[in-house]
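Letters A, B, ... mirror the listed sequences (proteins, then strands); counts begin at 1.
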Amino acid sequence: MKGLSAIIRKELGDHFSSQRFVILFGMAAIISFMTTYMAAINLKEALEGTSKPGFVFLMLFSTPGAIFSLLQFVAFFGPLIGIVLGFDSINRERVQGTLIKLLSQPIHRDSVINGKFLASMITVGIMLLSIILVVSGFGLFILGVIPGSEELVRLALFFVLSLFYIGFWLALSMLFSVVFKSITTSALAAFVLWIFLSFFLPLLGDVLAKAGTSQEINKLSETELFIKQTKIKETIELGSVMALFSKSSSLLIDPTRKTVSSIVVMGPVEKFLSSRFKNPLSLDQSLLVIYPYALTIVALTILCFGISYTVFILQEVRT
Amino acid sequence: MEDKEIIKAKNLTKIYGNITVVDHVSFGIKEGEIFGFLGPNGAGKTTTLLMLLGLCEPTYGRAEVLGFDPIKEPTEVKRVVGYLPENVGFYQDLTPIETLEFIGEMNSIPKKELKKRIQELLFLVGLAKDSSKKVGAFSRGMKQRLGIAEVLLKEPKILFLDEPTLGLDPEGSRELIQFIKELNQNKGLTVLISSHNLPQVQEISHRVGIMLEGKLVALGSIKELTQEKLGLGDKEYSLEEIYHMYFKGEKDERT
């Protein structure tokens, strides 16, 4: 345990004094600041003269500011934070010749990888928490609303979910840093995978949906065809962790949303219910809907870290 | 000098794929001894050291270091053995004090004691006045001395030094060898040193082992090697000459 805490302390020190952390944190702070400011102004205008609905506070996170909402910001740039913190964690030590020195100290071998992962997770946690606090403080200031207890719980859950989401990318980039000896290769691999899953998979889904339904183009009505294509597309998109995260976090932050699927693929009963009952979902009902998605994110994170852990433990010191 | 063997290797063998890197190597090292480990690059010296440390699992054979099995109790072995790897690396933006503090924490040395030991060691290796500089700005020789300070910090009983004089200037390398000799004499440290600098090894080693292509082809004091193994009579030979004879002998056998 002594070795683990020593490594965590050293890694945290490295993170907080590194330029990349300053750049990352600065970027995150500025973007979240701008986004919330715009979101708060928009909200204030929209709410002018109407009675305030419930969950105004959470709307700060889901209302688009300049271009996107804070939720989308985490979904898009969270992976970047994870990758930047993790892509060179093991292979940098290998390249500079310090890994063998670490391993020849009387600590357990897994302390090295555990310590690095935990330290990066703590860093991510501090970043996320400060962003959420900035947004909340801003909201209080501009909107003058105080978050209710359910809103706080939802925010806390959103924090945990985002932590695991970014943790997935951290674990993945650490896996690359264990497998690839070269720092450039591991960085490239992580970024390529991120861009592919986040930006190209939805496009691929589009193409495949069209291709998959081309046989039936004359048999089905236009609406049926559209629904079928959307279903295929949504299924393919689930291959991207970003989709899992956006779907589940938007439900968490916006209680008026009742399903993760888009309006076109809702069944008739679902459609009826959502137009008939305008009340927001209670927390446990929201959780019930996002449960499979959130669990998948957590499982993927653990799986990814588990693989990097095993590979690291079994790897030869000299290669 | 006591005759107790504190490092024992028996039929240590390491096979990567179908290449046998270390081939049935057996030897014993006594307490308080300086053992010179010789051989060309790629002969399997470092792999043998790593197997003794538990950083690399032997394909078969066993080892014992101060009564501990490196495979089953690697942490115990690493507690008593200071290992200075070849081309040791450092965190460039730490100062020597920070570097040593980090190593000390991993060795569970109490804070107060650690501070004291660091000051003593920096003085001992001659880095006291550079203690606030970053390691990145250090010369090769200074880094090597910091490396020695790192391995001594845990107050080990055994030192494994892998090519410690590689890349040092003649004077720096002579000082380092002298320093190792003093450590052995004053603190009774057992030292296993691998080096290509044969005159220096001859100067400090009590016994030597020569490895060629994974096999330990010679083992003993220089006198033993010349008189008994090679049968060269009473004439004195330098380690360099002996090394060449083994090296040539091995080549002749193959052709």
Open item on the list: Is there a side-chain contact (heavy atoms from CB on, under 4.5 Å) between A:Gln105 and B:Lys78? Walk through the geometry before answering.
Closed with: CA-CA 6 Å; A:Gln105 303 305 325; B:Lys78 289 173 199 161; over 6 Å; no

State the [atom1]-[atom2] distance between [X] and [Y], to the nearest 0.5 angstrom.
X: A:Ile107; Y: B:Glu105; atom1: CD1; atom2: CD; answer: 11.5 Å
X: B:Lys154; Y: A:Ser104; atom1: NZ; atom2: OG; answer: 5.5 Å
X: B:Phe90; Y: A:Thr98; atom1: CZ; atom2: OG1; answer: 10.0 Å

Open item on the list: Under the criterion side-chain contact (heavy atoms from CB on, under 4.5 Å), I'd like the reasoning laid out for B:Met106 against A:Ile7: C-alpha separation, chi angles, the key distance, then a yes or no.
Closed with: CA-CA 8 Å; B:Met106 286 196 285; A:Ile7 287 175; 4.2 Å; yes

For [X], I'd like to know if atom [atom1] has over 12 heavy atoms of other residues, nucleotides or ligands within 6.0 Å.
X: B:Phe123; atom1: CZ; result: no
X: B:Lys181; atom1: NZ; result: yes
X: B:Phe138; atom1: CZ; result: yes
X: A:Tyr37; atom1: OH; result: no
X: A:Phe25; atom1: CZ; result: yes
X: A:Phe200; atom1: CZ; result: no

- [ ] Would you please test A:Glu316 and B:Lys14 for salt bridge (charged side-chain N to carboxylate O under 4.0 Å, His left out) and show each step?
- [x] CA-CA 12 Å; A:Glu316 287 288 344; B:Lys14 182 74 189 179; 3.3 Å; yes

Task: Segment of A:Arg92 engaging chain B (4.5 angstrom heavy-atom cut-off) - done: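 Neither the backbone nor the side chain of A:Arg92 comes within 4.5 Å of chain B.
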
- [ ] Quick one: which of A:Asp14, A:Val95, A:Leu103, A:Leu99 has the most heavy-atom pairs under 4.5 Å with chain B, could you say?
- [x]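 Maximum pair count with chain B is reached by A:Leu103.
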
TODO: Among the options A:Lys10, A:Gln96, A:Arg109, pick out the one with the most heavy-atom pairs lying under 4.5 Å from chain B.
DONE: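 With the most close heavy-atom pairs to chain B, the winner is A:Lys10.
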
- [ ] Would you confirm whether A:Lys101, through its side chain, and B:Gly89, through its main-chain N or O, come within 3.5 Å as a donor-acceptor pair?
- [x]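 Checked: pair present.
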
- [ ] Applying side-chain contact (heavy atoms from CB on, under 4.5 Å) between A:Ile100 and each of B:Asp162, B:Leu50, B:Leu53, report the one that passes.
- [x]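 Of B:Asp162, B:Leu50, B:Leu53, side-chain contact (heavy atoms from CB on, under 4.5 Å) with A:Ile100 is met by B:Leu50 alone.
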
Open item on the list: Among B:Thr75, B:Val81, B:Val77, which residue satisfies the side-chain contact (heavy atoms from CB on, under 4.5 Å) criterion with A:Pro106?
Closed with: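 Single side-chain contact (heavy atoms from CB on, under 4.5 Å) partner of A:Pro106 among B:Thr75, B:Val81, B:Val77: B:Thr75.
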
Task: Structural part of B:Glu101 lying under 4.5 Å from a heavy atom of chain A - done: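 Contact with chain A: none, neither part.
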
Open item on the list: Quick check on B:Leu94 against chain A: is it the side chain, the backbone, both or neither that has a heavy atom closer than 4.5 Å?
Closed with: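 For B:Leu94, side-chain heavy atoms alone lie under 4.5 Å from chain A.
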
- [ ] Count the heavy-atom pairs under 4.5 Å between each of B:Phe102, B:Tyr16, B:Tyr83 and chain A, then report the option with the highest count.
- [x]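 It is B:Phe102.
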
